[in-house]
Student: 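First, the structure itself, so that you have it in front of you.
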Amino acid sequence: MTTESLDHSAYHHGDLRAALVKAAAAEIERSGYENLSLRELAESLGVSRAAPYRHFADRRALLAALAAEGFDALTAIHRKAIAAHKTPHARLTAAGRGYLAFAAERPQLFRLMFVSDLLSAGAAPPDAALIKSAGESYQVFEGMVAATLDDPDDSAVKAATIACMSTTYGFALLRMGDRLKPFMYGGLTQGELIDAVLSMKVTALPRTAGRKRASNAKSVRNAKA
């Protein structure tokens, strides 16, 4: 059987696309997303070198599809935390644990999602499906953060969400890069470190002078009306 006939028989009806994404997910964990090769993926799947291009314009498009699946998985983790816990803080904590577990179990996919330039404005616009998946994941997370705040305005929600995300993201990368050394954590266990990270809360956004002036101006206008 020729390579081309393998292409048509084993991966018809869109199966090759799913196979490529699955193979890419495994490969980047072995060698990093920077080293992913469409040619090598094709060879590993027993299809022609040209076959992947029927589903992905280039390597970047395949990585974008993989990152989108990663954000969908993260959204599922958030939704599972929401369904499993009754209080806003318990939901956010469970989501944080799921996020950190995801980063530890699939570090290269995590890097692809949060460190690569796939969502940056570069020579080519970001993939639309990736933008959608990443946006949905963030919106669900933002909703969980908002639920823990007392009567917040939009700015407070935005600030608290970024602060919470920065804390867990930074910890994930420190742990991933082996940057947490014994002299830093002493006798603390990994579980205790995670508890400490997830106990960080942003309860209010300090009002800047500009926001105070805007609020005062609005009050004056309302009084005159």
Side-chain angles (χ1 to χ4, degrees), residues 64 66-107 109-116 118-120 126-176 180 185 188-219 222:
L66 182 55
E69 286 200 357
F71 280 111
D72 289 342
L74 197 56
T75 300
I77 289 171
H78 295 336
R79 294 195 186 283
K80 182 178 179 181
I82 292 171
H85 298 274
K86 294 181 179 180
T87 68
H89 283 290
R91 291 170 177 170
L92 187 59
T93 297
R97 291 187 187 282
Y99 175 91
L100 292 175
F102 178 90
E105 292 165 7
R106 308 185 70 180
L109 177 57
F110 182 88
R111 289 182 63 248
L112 178 66
M113 294 159 62
F114 292 102
V115 179
S116 77
L118 287 177
L119 284 168
S120 302
D127 179 80
L130 174 56
I131 292 175
K132 181 177 182 296
S133 293
E136 180 181 0
S137 179
Y138 191 84
Q139 287 168 9
V140 174
F141 179 71
E142 184 180 83
M144 285 191 293
V145 174
T148 68
L149 303 178
D150 296 326
D151 192 27
D153 61 16
D154 183 64
S155 295
V157 171
K158 298 296 185 187
T161 302
I162 292 174
C164 289
M165 174 171 281
S166 298
T167 301
T168 49
Y169 169 77
F171 178 75
L173 287 185
L174 286 170
R175 188 169 59 168
M176 191 181 301
L180 295 172
Y185 56 79
L188 293 171
T189 65
Q190 283 294 309
E192 289 170 336
L193 286 174
I194 291 173
D195 287 343
V197 169
L198 298 179
S199 70
M200 300 294 289
K201 296 180 178 66
V202 178
T203 57
L205 176 67
R207 289 191 175 275
T208 64
R211 292 181 68 212
K212 287 180 179 179
R213 286 195 295 269
S215 179
N216 291 339
K218 183 178 180 181
S219 298
N222 290 339

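Computed from heavy atoms alone, side chains included, the values below leave out hydrogens, waters and symmetry copies.
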Student: Using the side chain to side chain contact (heavy atoms under 4.5 Å, CB included) rule, take L193 and Q190 through it: C-alpha gap first, then chi angles, then the decisive distance, then the call.
Tutor: CA-CA 5 Å; L193 286 174; Q190 283 294 309; 3.8 Å; yes
Student: So does A134 get a backbone contact from the side chain of S137, meaning a donor-acceptor N/O pair under 3.5 Å?
Tutor: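 Absent.
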Student: Show me the pairs that pass salt bridge (Lys or Arg N to Asp or Glu O under 4.0 Å) and involve residues 66-77, at least two apart or across chains.
Tutor: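 Listed once each, the pairs would be none.
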Student: Not counting sequence neighbours, which residues clear ring-ring contact (aromatic ring centres under 6.0 Å, His included) with F102? List them please.
Tutor: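 For F102, no residue satisfies ring-ring contact (aromatic ring centres under 6.0 Å, His included) once neighbours in sequence are set aside.
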Student: Mind listing the closest non-hydrogen atom pair of E192 and T189 along with its distance?
Tutor: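 Shortest heavy-atom contact: OE1-N, 2.9 Å.
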Student: L130 versus L119: any side-chain heavy-atom pair under 4.5 Å?
Tutor: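 Yes - at least one pair of side-chain heavy atoms lies under 4.5 Å apart.
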Student: Would you mind listing every ring-ring contact (aromatic ring centres under 6.0 Å, His included) that reaches into residues 133-152, with sequence neighbours excluded?
Tutor: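 Every pair satisfying ring-ring contact (aromatic ring centres under 6.0 Å, His included) with a residue in residues 133-152: H78-F141.
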Student: How would you list, by chain and number, every residue that makes a side-chain contact (heavy atoms from CB on, under 4.5 Å) with A146, sequence neighbours excluded?
Tutor: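 side-chain contact (heavy atoms from CB on, under 4.5 Å) list for A146, sorted by chain: V157.
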Student: Salt bridge (Lys or Arg N to Asp or Glu O under 4.0 Å): which pairs involve residues 130-149, sequence neighbours left out?
Tutor: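 Residue pairs with at least one partner in residues 130-149: R79-E136, E142-K158.
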Student: So L118 and L112, side chain to side chain contact (heavy atoms under 4.5 Å, CB included) or not? Walk me through it.
Tutor: CA-CA 8 Å; L118 287 177; L112 178 66; 3.5 Å; yes
Student: Y99 and I77: side chain to side chain contact (heavy atoms under 4.5 Å, CB included), yes or no, with the steps?
Tutor: CA-CA 7 Å; Y99 175 91; I77 289 171; 5.8 Å; no
Student: Would you find a donor on one side and an acceptor on the other, under 3.5 Å apart, between the side chain of S199 and the backbone of A196?
Tutor: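 Present.
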Student: Is it the case that the side chain of R175 and the backbone of L100 share a donor-acceptor pair, with hydrogens and angles ignored and the cut-off at 3.5 Å?
Tutor: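 Side chain of R175 to backbone of L100, a donor-acceptor pair under 3.5 Å: yes, one is there.
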Student: Would you mind listing every salt bridge (Lys or Arg N to Asp or Glu O under 4.0 Å) that reaches into residues 83-102, with sequence neighbours excluded?
Tutor: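 Qualifying pairs, neighbours excluded: R97-D195.
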Student: Work out which heavy atom in A129 is nearest to a heavy atom in A68; give both atom names and the distance.
Tutor: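 Here A129 and A68 meet closest at O-CB, 4.3 Å.
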Student: Minimum heavy-atom separation for G70 and L109, please, with both atom names.
Tutor: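 Heavy atoms of G70 and L109 come nearest at CA-CD2, 4.0 Å.
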Student: How close do A103 and A172 get, counting heavy atoms only, and between which atoms?
Tutor: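 Nearest heavy atoms, A103 then A172: CB-CB, 3.9 Å.
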Student: Do L74 and M113 come within less than 4.5 Å of each other through their side chains, counting heavy atoms only?
Tutor: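 Counting from C-beta outward, L74 and M113 do come under 4.5 Å.
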Student: What is the distance from atom CG of L188 to atom CD1 of I194, rounded to the nearest 0.5 Å?
Tutor: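 Answer for the CG-CD1 pair, L188 versus I194, is 12.0 Å.
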Student: Mind checking the OG1-CG spacing from T161 to L149? Nearest 0.5 Å is all I need.
Tutor: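 It is 7.5 Å, given to the nearest 0.5 Å.
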